[in-house]
Amino acid sequence: MNKFTNLTKVIKEEFVFFLITTVLFLQNTIFSWRDWTFLNVLTFTTSSLFFSYLATSFCYLTKSKMVKCILYFMFTSLCLINIFLRFQFHTRISPNIIQLLIETNIQESIGFIETYLSNLFSIICFIGVGVLMFFVTYLERKKDILLFSKIKYLHKTLLTLTFLGIPSVCFSYFTLFRCKETVEVEQWVTKYQTSPMDNITNLVYSVYDVYLMKKDLEIAIESSLSIKEKAKIKNEPLTIILVIGESFNKYHSNIYGYYLNTNPKLSEEKKNGRLYAFTKVFSPYNLTSKAIKNMLSTNCIGNGENWADYPFFPSIFYRAGYNVDFWDNQYDPLSQNSFDFSLNSFLHNPIIKDLSYTRTNAHNYKLDHELINNYYSERQESNNNKNFIIFHLMGQHFLYYDRFLHNKEFDHYTTDSIKQNPSFLTPMSKKIIADYDNATRYNDSVVGMIINHYRTKNAILIYLSDHGEEIFDYQDRHGRSWERPIPKQVIKYQYEIPFLIWCSDIYKDKYPDIISNILSSTNKPFSSDNLCHVLFHLGHIETIYYKAERDLISPTYKCPRIIINDVVEYKNDDIH
Ligand SMILES: [Zn+2]
């Protein structure tokens with residue numbers, strides 16, 4: 001009994017700290033009141049009390065004001081970031097957010113701060129933190145003001161509840177750290193943590209998931225090293241160009257029915273019968289890294305295959321005898337803080353580079369046309385005339401205003417050009433839409449520039465975006481979001497992507513069968529993680545990795561399950 005009294009002393013002496021940190025840890029649970037059940041409220045309250053008790057004991061034992069201030073700062077920041085994410089992006093700290101933080105370079109961070117930290121909500125948050133700090137300092141000085149802290153048995157009750165948290169915390173962490181793959185962590189979330197976790201567990205789980213994804217990288221390299229086969233290819237000159245766009249909302253392209261002529265050059269190609277637009281193509285993720293890893297691997301998400309367990313398909317082209325050039329405008333080799341773990345640590349890993357590319361770019365550029373100019377100024381005529389060229393563009397990545405050339409041609413749309421008029425649109429949001437549409441028009445000219453190099457060659461170009469982007473399409477929001485469950489409108493604007501195939505006249509004359517296959521496939525549903533099969537088909541590559549039933553333009557195509565962000569299965573005509 002005496003020991004129990006000693007343990008309550010920690011709460012008694014540091015009651016203000018104990019109370020405030022418990023509330024900070026419980027923020028996620030409090031804000032997700034819609035998901036409350038008796039059991040999850042009890043679980044997350046007791047685990048918050050447990051973590052708070054640990055921190056309070058540390059303060060109590062060290063008796064250091066500095067330690068206390070640092071802990072207050074850390075826990076308040078954690079809570080504030082969660083609140084900011086909730087109100088701006090309808091999410092909280094998650095593996096995706098941690099991944100985004102790791103991937104973000106200085107330029108993007110400045111853009112982010114400019115966009116979000118200067119708006120009204122952020123100013124309210126800063127004022128809120130100021131008020132909280134004042135309140136905490138006041139309470140710490142005048143502890144006696146909290147009359148309810150003198151309630152008989154209060155401290156003992158709180159300590160009992162803290163002890164109740166121990167089994168659930170032990171169980172959660174034991175089962176979490178038993179997970180050895182990201183897929184298992186997903187299952188752990190679904191099985192044990194469906195309700196909003198306390199802020200500490202949520203942070204630990206997010207970081208651990210990112211750590212496991214880093215391990216995926218090692219597996220992915222091993223998978224590409226394991227390619228033993230040298231695939232057969234036809235001995236004739238052929239150039240295949242893969243252009244990977246960025247954040248392209250296809251409903252902002254006139255090719256897909258938009259009222260502004262944002263794709264004048266590509267529309268002209270379509271009118272002249274050289275360009276084919278596919279209408280039901282999805283990205284399995286709305287996050288660049290996951291979307292492209294799956295796009296460039298030979299896995300199939302619909303069959304439950306993880307991207308890292310299967311070879312990187314540019315390696316198969318390279319091994320088969322193609323010159324593979326990779327010009328990436330999202331890779332900044334000078335940046336120290338972006339690429340420890342992310343898409344780029346995979347795409348530009350030295351082993352992957354050796355296995356997959358003939359040449360890569362040395363620099364990235366502010367604008368995409370500069371990247372393209374750089375490629376064609378440095379291009380060397382290859383010996384065997386079999387080329388596979390990948391361009392990874394900045395496309396329409398926010399900030400949209402920074403994604404196009406500011407001249408008469410591309411400062412084309414203004415707020416007056418934006419004719420849709422739902423009540424939520426302000427002049428400022430119309431300006432953002434006009435910037436996005438200008439960026440799309442500029443992107444059209446970049447793809448047009450590439451096409452112009454191949455008009456008289458045996459060449460074929462595939463254009464697709466990594467994912468979509470919301471641009472005030474149905475509510476007052478632009479960008480991407482990660483809410484669960486995923487609303488249909490989110491799938492439509494953030495996961496549907498443009499998918500275009502352009503063929504030179506020579507290519508069209510040479511392969512009428514392929515053209516007729518393309519023509520009969522434009523309305524079939526497809527997920528971009530199966531892209532490799534279309535490219536093996538177009539590149540006449542005979543490989544064990546080719547699966548005709550996953551190849552969109554094969555007559556025997558049988559659409560695998562289309563899974564959106566690991567949770568939603570797309571059913572035909574769900575959206576249209
Ligand atoms: Zn992206």
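Remember, predicted model here, so these are calculated numbers, not experimental data. Indexing begins at 1, ligand by ligand and atom by atom, following the structure's order. Note that these values count all heavy atoms, side chains included, but never hydrogens, waters or copies made by symmetry.
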* Asked: Listing residue and atom name, which protein N/O/S atoms are closer to the Zn ion (ligand 1) than 2.8 Å?
  -> Glu246 OE1, Glu246 OE2, Thr288 OG1, Asp466 OD2, His467 NE2

* Structure fact -> ring-ring contact (aromatic ring centres under 6.0 Å, His included) filter on Tyr474, not counting sequence neighbours, yields Tyr493

* Structure fact -> Across all chains, not counting sequence neighbours, the side-chain contact (heavy atoms from CB on, under 4.5 Å) partners of Val207 are Ile98, Leu203

* Structure fact -> Per ring-ring contact (aromatic ring centres under 6.0 Å, His included), Tyr400 is matched among Tyr442, Phe472, Tyr436 by Tyr436

* Asked: Who passes side-chain contact (heavy atoms from CB on, under 4.5 Å) against Ser465, sequence neighbours left out?
  -> Phe248, Ile497, Pro498

* Point-to-point distance, once rounded to the nearest 0.5 Å, from CG of Leu552 to OG of Ser527 -> 11.0 Å

* Which of parallel (below 30°), tilted (30 to 60°) and perpendicular (above 60°) describes Tyr401 and Phe404? -> perpendicular

